[in-house]
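Values below: all heavy atoms of this structure, side chains included; hydrogens, waters and symmetry mates excluded.
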Amino acid sequence: MQRARRLASTAVVAALAVSGLSACRAEPDVAAYLGDGRTITEARVEGVYDEARDELTKAREQVQQQQGNAGASAQPVPPVQVPFKQKDVLNALLTIQVLEQAASAHGVQAAAEPTVEQVAQGSNYSANWEYTKLYTRTFQLRAALLPKVAPAPLTDADLRPVYDKLLSGSEAGATPFEQFKTQLSAENKQALQQSIGLRNELAKIVAEDDVKLNPRYGNQQLVLLSAQAGNADVALVELSLAGADASEAPFVTDVS
């Protein structure tokens with residue numbers, strides 16, 4: 001009898017597991033869950049990406065047609081290279097969601113600069129692309145929020161990761177950590193204090209929203225402060241955009 005009960009319990013657990021898996025697969029087109037039933041769909045992400053890809057494809061076809069009309073022989077060409085990926089689109093959409101909540105709480109509007117045109121000039125992006133506009137808005141919201149948040153005290157726990165990241169990206173000899181702390185300029189200290197303060201505030205929003213990410217888009221980080229170290233741009237202050245229970249996200253990678 002006990003064995004029969006164990007088997008019955010196992011069957012119930014198995015049924016629940018299958019039911020849960022089916023629920024996970026019910027929305028395979030979701031790129032991120034944001035809490036309160038809000039989502040960012042894969043169609044939204046792909047739409048932003050496809051706009052840029054289609055424009056670049058059309059521009060190349062026009063060049064090829066002009067070359068053909070001029071008598072130039074047609075040469076096989078590789079697919080167009082879009083200067084950003086789908087995961088970058090999701091990152092911009094997530095970043096805006098989080099920053100706009102913080103901006104609303106502080107009663108501030110996005111800054112006027114940088115403009116879309118300025119961002120386009122400093123990148124390989126077209127000012128006409130929606131991605132360029134989304135990417136620009138992330139900078140505008142950060143610019144508006146940084147002066148409004150309470151600066152965080154600079155503890156060793158905050159500074160050590162900054163030091164390690166700068167050290168890993170530099171080919172120069174290592175400056176001891178204690179010396180690094182004393183050599184920080186007032187401007188750099190202020191930038192770190194503001195960025196860490198904003199990170200701490202945004203972390204609460206991400207945790208409350210219980211953001212869950214589709215693993216196909218990889219790790220999503222909101223970079224609040226970066227610096228040039230060697231030949232690389234190094235993120236010094238960043239925040240994971242996945243909620244505290246990200247490991248329990250309603251996504252499956254194996255749908256066989």
Side-chain angles (χ1 to χ4, degrees), residues 24-25 27-60 78-104 110-111 113-145 198-199 202-203 205-206 209-226 232-235 237-243 246 249-253 255:
C24 290
R25 290 175 176 172
E27 294 186 271
D29 60 343
V30 174
Y33 290 88
L34 305 175
D36 296 331
R38 294 172 298 139
T39 63
I40 296 175
T41 65
E42 291 199 326
R44 175 78 174 105
V45 173
E46 292 295 335
V48 175
Y49 180 83
D50 289 349
E51 178 195 35
R53 183 199 59 194
D54 293 347
E55 182 179 305
L56 290 171
T57 300
K58 183 178 180 180
R60 189 178 67 178
V80 296
Q81 296 295 316
V82 180
F84 59 87
K85 300 182 183 302
Q86 287 93 334
K87 67 178 183 180
D88 299 319
V89 177
L90 178 59
N91 188 277
L93 292 169
L94 285 168
T95 297
I96 289 171
Q97 288 277 352
V98 175
L99 291 178
E100 284 186 339
Q101 289 186 63
S104 177
E113 292 186 338
T115 65
V116 173
E117 290 72 22
Q118 288 171 336
V119 170
Q121 289 172 5
S123 65
N124 294 325
Y125 306 152
S126 166
N128 297 324
W129 295 343
E130 184 179 4
Y131 177 72
T132 311
K133 298 169 185 175
L134 293 171
Y135 186 58
T136 300
R137 187 161 179 79
T138 66
F139 287 105
Q140 294 171 336
L141 286 165
R142 273 177 285 185
L145 281 167
L198 181 56
R199 181 200 64 190
L202 297 178
I205 294 175
V206 173
D209 280 357
D210 193 21
V211 177
K212 292 179 172 63
L213 307 175
N214 188 322
R216 70 167 287 194
Y217 294 96
N219 237 354
Q220 292 289 331
Q221 302 287 332
L222 195 168
V223 178
L224 295 167
L225 183 66
S226 61
D233 198 32
V234 178
V237 179
E238 57 188 343
L239 169 69
S240 172
L241 286 168
F251 292 104
V252 291
T253 54
V255 293

Please tell me if the side chains of [X] and [Y] come closer than 4.5 Å, counting only heavy atoms from C-beta onward.
X	Y	answer
Ile205	Leu99	no
Gln221	Ser240	yes
Asp88	Gln86	no
Tyr217	Val45	yes
Glu238	Leu224	no
Val80	Arg53	yes
Val89	Glu46	no

When rounded to the nearest 0.5 angstrom, what distance separates [atom1] in [X] from [atom2] in [Y]?
X	Y	atom1	atom2	value
Tyr135	Leu93	OH	CG	14.0 Å
Asn214	Leu90	CG	CG	8.5 Å
Thr39	Lys212	OG1	NZ	13.5 Å
Ile96	Leu134	CD1	CG	4.5 Å
Glu113	Gln140	CD	CD	9.0 Å
Ser123	Gln118	OG	CD	11.5 Å

Can you check whether [Y]'s main-chain N or O pairs, donor with acceptor, with [X]'s side chain at less than 3.5 Å?
X	Y	result
Asp233	Ser226	no
Thr95	Asn91	yes
Arg44	Ile40	no
Glu51	Glu130	yes

For a quick test of reading the model, state the closest non-hydrogen atom pair linking [X] to [Y] and the distance between them.
X	Y	result
Thr136	Pro114	CG2-O, 3.2 Å
Gln220	Lys87	NE2-O, 3.2 Å
Gln81	Leu56	O-CD1, 3.8 Å
Val206	Ala242	CG1-O, 3.7 Å
Leu202	Val98	CD2-CG1, 3.8 Å
Ala120	Ala127	CB-N, 3.8 Å

Are Trp129 and Glu55 linked by a side-chain donor-acceptor pair shorter than 3.5 Å?
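Result is yes, a qualifying pair exists.
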
Have Thr138 and Arg142 got a donor and an acceptor in their side chains that come within less than 3.5 Å?
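Their side chains do contain a donor-acceptor pair, which is all the 3.5 Å distance test asks for.
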
Return the orientation label for the Phe84 and Tyr49 ring planes: parallel under 30°, perpendicular over 60°, tilted otherwise.
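Perpendicular.
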
